[in-house]
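Just so we're on the same page: letters track the sequence lines, and every chain starts at 1.
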Number of protein chains: 2
Amino acid sequence: MGSRPNIPDIVIGRLPIYLRALYRMIQEEKEYTSSQELGERLGISSAQIRKDLSHFGEFGKQGTGYNIKFLHEKIRQILQVDREWLIAVVGVGDLGHAIAHYRGFAPRGFHVAALFDSAPTKIGEQIGGLTVMPVSAMKDEIHRQKIQVAMLSVPAEHAQQVANELIGAGIRAILNYAPITLAVPPDVRVQYIDPVAHLQHMTYYLRS
Amino acid sequence: MGSRPNIPDIVIGRLPIYLRALYRMIQEEKEYTSSQELGERLGISSAQIRKDLSHFGEFGKQGTGYNIKFLHEKIRQILQVDREWLIAVVGVGDLGHAIAHYRGFAPRGFHVAALFDSAPTKIGEQIGGLTVMPVSAMKDEIHRQKIQVAMLSVPAEHAQQVANELIGAGIRAILNYAPITLAVPPDVRVQYIDPVAHLQHMTYYLRS
DNA sequence: TAGATTGTTAATCGATTAACAATC
DNA sequence: TAGATTGTTAATCGATTAACAATC
């Protein structure tokens, strides 16, 4: 694949936001939009949107703006979400159950393909059409299915250990739900989901 | 309350990360840490940690660093999470169920105090000790319990509408799980949780 | 054509980092 | 005391924005 050097990570992080808004516009059956309109919806300046997109090519037309479906497809290609990714979920407690049942992944190109847990009571359980497998089978199963992405929903105490095993199994992208920062090699991407951190961020401002 | 002018939002956003790491250190029964050690754990420079903290006061000692419990407590105070916040959850589909059942909120100071949905089949349902109430009762209940924070887990199509009602009921902090950017007045804080956006951010880098 | 909006350059703004005196 | 580490200043780096020629 042609490498794309040098594009700031913060720009990459905004592309999914653009994608989300464009998807909404498709649902609204709009055909064209402008950097200004998109910016207003997202609370982002129009200049920033144009600058961000300019890293990847020229997708608009002076005077008329952007064809929504076209731009949507282009951003999908850039992010590589114009195809399906297989996902392993490790840890099927409350949270893992919810992830396994969540219907929002599939329509956006992510397919939960395997569930793992270490507790003997959980192994063999059927969740959303999948059978929970032991963590000891993780490496083989990840290779067998060619799974490339993992979601980590084990308790914080075990997260680093499990992350190490995932990385050993070839995983290079981890969505971590455990409230702990993971130490990983530089070629492994980690994103964090910690609702409590977001809540704490907001309570700071709740002063009268 | 004394207003704290001028502190960059990006700094506020890092405080929960520091809190998380300090909490882990408390569990590990460490007593002191340094900006360097903390930075190494978090992948952040020591200078940034010291700079961030310096916005709020002087919490360390030259030569010895920071008393972990003390700094933890100070950051809790700054973020106002040294007390309990009541939370309303709107939308009890898959996701709302998971939120209502999730045990990770309470130990970190957030208490799910009310559940709302608009579907007649859901109203009256018992989830995690709470009874699902109709959205029409939202305003009264939020006032009655003095709830200040809401989590939004309704479908994207309804999210803006429900957000408007929450704001009308006096809510000024919304954790939005719907994959849509909300339009809100400037005195209302919104944070977003969109796992798919995080996944899409990572797949960009999965090129060989 | 006139109006609108792009892509891009240069200026501005703000965040991060390096360095160090102060001091535990 | 010697060594370590803070809090802070100034320098650097990078991201955002304003402005505009190009052009649909």
For S35(A), report the nucleic acid contact type (base, sugar-phosphate, nothing); a contact means any heavy atom under 4.0 Å.
sugar-phosphate
Take the angle between the ring planes of F105(B) and Y102(B) and call it parallel below 30°, perpendicular above 60°, tilted in between.
perpendicular
Between P on dT6(C) and CG on L38(A), what's the gap in Å once rounded to a whole number?
10 Å
Integer-rounded Å distance: dC24(C) C1' and Y32(B) OH
11 Å
Quickly work out the I44(A) CD1 to dA15(D) P distance and round it to whole Å.
15 Å
dA15(D) OP1/OP2 closer than 4.0 Å to side-chain N/O of R14(A):
no
Interatomic distance, R14(A) atom CZ to I44(A) atom CD1 [nearest 0.5 angstrom]
6.0 Å
State whether S45(B) places a side-chain N or O below 4.0 Å from either non-bridging phosphate oxygen (OP1 or OP2) of dT17(C).
yes
By nearest-nucleotide position on DNA chain D, the 5'-leaning member of S46(B) and Q48(A) is S46(B)
For atom CD of Q36(B) and atom C1' of dG3(D), their distance in whole Å
14 Å
Shortest non-hydrogen contact from Q148(B) to I171(B)?
C-CD1, 3.6 Å
Dot-bracket, 5' to 3', for DNA chain D please: Watson-Crick or G-U pairs under 3.5 Å, [ ] where pairs cross earlier ones, | where the partner sits on another strand, dots elsewhere.
..||||||||||||||||||||||
Please answer whether the main-chain N or O of V90(A) pairs with a side-chain N or O of S153(A) as donor and acceptor at a distance below 3.5 Å.
yes
If you assign D52(A) and T64(A) each to the DNA chain D nucleotide with the nearest heavy atom, which residue ends up on the more 5' nucleotide?
D52(A)
May I have the distance from I10(B) (atom CD1) to dA15(D) (atom P), rounded to whole angstrom?
11 Å
When the distance from CD1 of I49(A) to P of dT17(D) is rounded to whole Å, what number comes out?
11 Å
Gap between atoms CG and P, on D9(B) and dG14(C) respectively (whole Å):
14 Å
Pairing donors with acceptors under 3.5 angstrom, does anything connect the side chains of Q48(A) and D52(A)?
no
Which heavy atom in L182(A) sits nearest to a heavy atom in A163(A), and how many Å separate them?
CD1-CB, 3.9 Å
Given atom CZ of R50(B) and atom C1' of dT9(D), what is their separation to the nearest angstrom?
12 Å
Looking at Y66(A), I'd like to know whether one of its side-chain N or O atoms comes within less than 4.0 Å of OP1 or OP2 on dA4(C).
no
Is the side chain of D140(B) donor-acceptor paired with the backbone N or O of R144(B) at a distance under 3.5 Å, no angle test?
no
Q77(B) side-chain N/O to D82(B) backbone N/O, donor-acceptor pair under 3.5 Å
no
Select one nucleotide: of dG7(C), dA15(D), dT5(C), the one nearest the side-chain heavy atoms of S34(A).
dT5(C)
Go through the side-chain N and O atoms of H201(B) and D9(A) and say whether any donor and acceptor fall under 3.5 Å apart.
yes
What are the atom names and distances for every N/O pair under 3.5 Å that joins the protein to nucleotides 10-12 of chain D?
none

Any donor and acceptor pair, going by atom type alone, linking the side chain of H97(A) with main-chain N or O of V92(A) inside 3.5 Å?
yes
Out of dT6(C), dT5(D), dT8(D), which nucleotide sits closest to the side chain of Q62(A)?
dT6(C)
